[in-house]
Amino acid sequence: MRVPGKFYLSETLSETLEEGAVRQLANVATMPGIVRYSLAMPDVHWGYGFPIGGVAAFNMEEGVISPGGVGFDINCGVRLLALPITKDDFSGIKGIINQLFDTVPTGVGNKSALRLSEKELEDVMTEGAGWAVNNGYGTKDDIIRCEDGGCIDGADTEHVSRKARQRGMPQCGTLGSGNHFLEIQSVDEIFDDGAAEKFGLVRDQICIMIHCGSRGLGHQVCTDHLKDLEAASKKYNIKLPDNQLACAPLKSPEGKAYLSAMAASANYAWANRQIITHLVREVICKKPGIEYDDIKLIYDVTHNVAKFEEHIVDGKKQTLCVHRKGATRAFGPGSPGLPPELDSTGQPVLIPGSMGTPSYVLKGTEKAMECTFGSTCHGSGRIMSRSQAKKSSDGSDIKEELAGKGIYVRATSNKVIAEESPQAYKSSSEVVRTVHNAGLSLKVAKLTPMGVIKG
DNA sequence: ATGTAC
């Protein structure tokens, strides 16, 4: 190991820590150019090469880029919309969830009503959420409330294969499957009145959370470039304890090729969440008294990406390539790139719960800038494999149990409900409590689910 | 996560 590994855990969460995830954190610490430490957030679990819930930063001189440090779902992320109504003025949750389910394409391999041409896909990959807004799928304000303005620099579509494009063309504006969801929630508790007001949240407000990523396109980009970077690791004589850590120097053509395709995929994911937002607005503004523009984007975060950022290392400002895989940026007050109105508050951090459990809004901190390259957790973290979860339930029992709590679940199959059982995940509240107590991000509001759409 | 397999 070139640097130490560091875990942020509570006593309860340390009991769920997998040996495989510890091993992976140690493996990452052996990689060239890694700076300070290999980090694990409290929702850490075993993943492909790097652990999910891991953060690793690499210097520009010897550092590397690794697809395993980003994940297969490039720019998997979360966005939160706020409606201009509270729980008291809101009824018919079942009907609205059903309408949303019929409007937002959901599930593995499902296709969008919007068919992008090859040229449009190029523009989506270059312009991100901005493409969607400029083509009528949103408002100018939406862009300001996206991390990086919903577009990462450096996208080069030359490095996105034909196969990846073909998978991506019919899928822009679709939700996907697995842990991805669309949820109607209410603001149940406010912990920080000042920050909540700045973000645009009030108690009992109705919100909609969207959790999804780059679908088949990002997955294909990851698959394609992993193969190239496995060869590059050998070419550049990088000794790795695990082939899944395939990487290339940041300065190498192979490394740059992946970075440019990763940026293109990230931009596609931002356009995807933006188009879904448009579909949601169209359904919701059928309700009397709600206009399209009244549905505000609170924020949009990515939790699977590598980015060039400036951080202080040994008292000096340095550009680093920060890999966040299942980890959320949590920039503190005064950090670059925040919307002007949130400069004094810090970045909104969105932490989705597992199905039927609360989600949280937090704010980024100075402590995160000092300790974790401005990063925090991303969610609940799986503790039971999909096959284990399917053995313990057929899904219908979970659906009923949640209905008993007043949560209406609509899914493409009972199988996905079984796989996504709350029991298969760590507690989002415990994960959030841990990052809050560590000061990596501070609680602003708690969101309780009312209706859930699952792919 | 994923045209759940190449």
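The sequence lines fix the lettering, A, B, ..., with proteins before strands; numbering per chain opens at 1.
- Counting any heavy atom pair closer than 4.0 Å across all strands shown, A:E419 reaches no nucleic acid atom.
- For the ring pair (Phe, Tyr, Trp, His ring centres under 6.0 Å) test, residues two or more places apart in sequence or in another chain that qualify with A:Y137 are A:H278.
- Distance, A:N272 CG to B:dT2 C1': 14 Å, rounded to whole Å.
- For the pair A:Y48 OH and B:dT2 C1', the computed distance is 14 Å after rounding to whole Å.
- Shown for residues 209-221 of chain A: residues whose heavy atoms fall under 4.0 angstrom of DNA chain B, namely A:R215, A:G216, A:H219.
- Every residue two or more places apart in sequence or in another chain that forms a side chain to side chain contact (heavy atoms under 4.5 Å, CB included) with A:L442 is listed here: A:K363, A:T365, A:H436.
- Residues meeting the side chain to side chain contact (heavy atoms under 4.5 Å, CB included) test with A:A155, sequence neighbours left out: A:A263, A:A264, A:N267.
- Not counting sequence neighbours, the partners of A:R433 by the salt bridge (Lys or Arg N to Asp or Glu O under 4.0 Å) test are A:E430.
- Counting to the nearest Å, the C1' atom of B:dA5 and the CZ atom of A:F72 are 13 Å from each other.
- Taking the ring centre of A:F181 as origin, the terminal cationic atom of A:K454 falls outside the region bounded by 6.0 Å and 45° from the ring axis.
- In this structure, A:K325 reaches neither bases nor backbone, as no heavy-atom distance under 4.0 Å exists between it and the strands shown.
- One interatomic measurement links the two molecules: CG of A:L175 to C1' of B:dT2, which rounds to 14 Å at whole-angstrom precision.
- With rounding to whole Å, A:K163 atom NZ is found 11 Å from B:dA5 atom C1'.
- A:D73 has its CG atom 15 Å from the C1' atom of B:dT4, to the nearest Å.
- Look at NE2 on A:H225: it is 17 Å from C1' on B:dT2, rounded to the nearest Å.
- As rounded to whole Å, 13 Å separates atom P of B:dC6 from atom NZ of A:K227.
- The side chain to side chain contact (heavy atoms under 4.5 Å, CB included) test applied to A:P422 returns A:S354, A:M355, A:T357, A:I398, not counting sequence neighbours.
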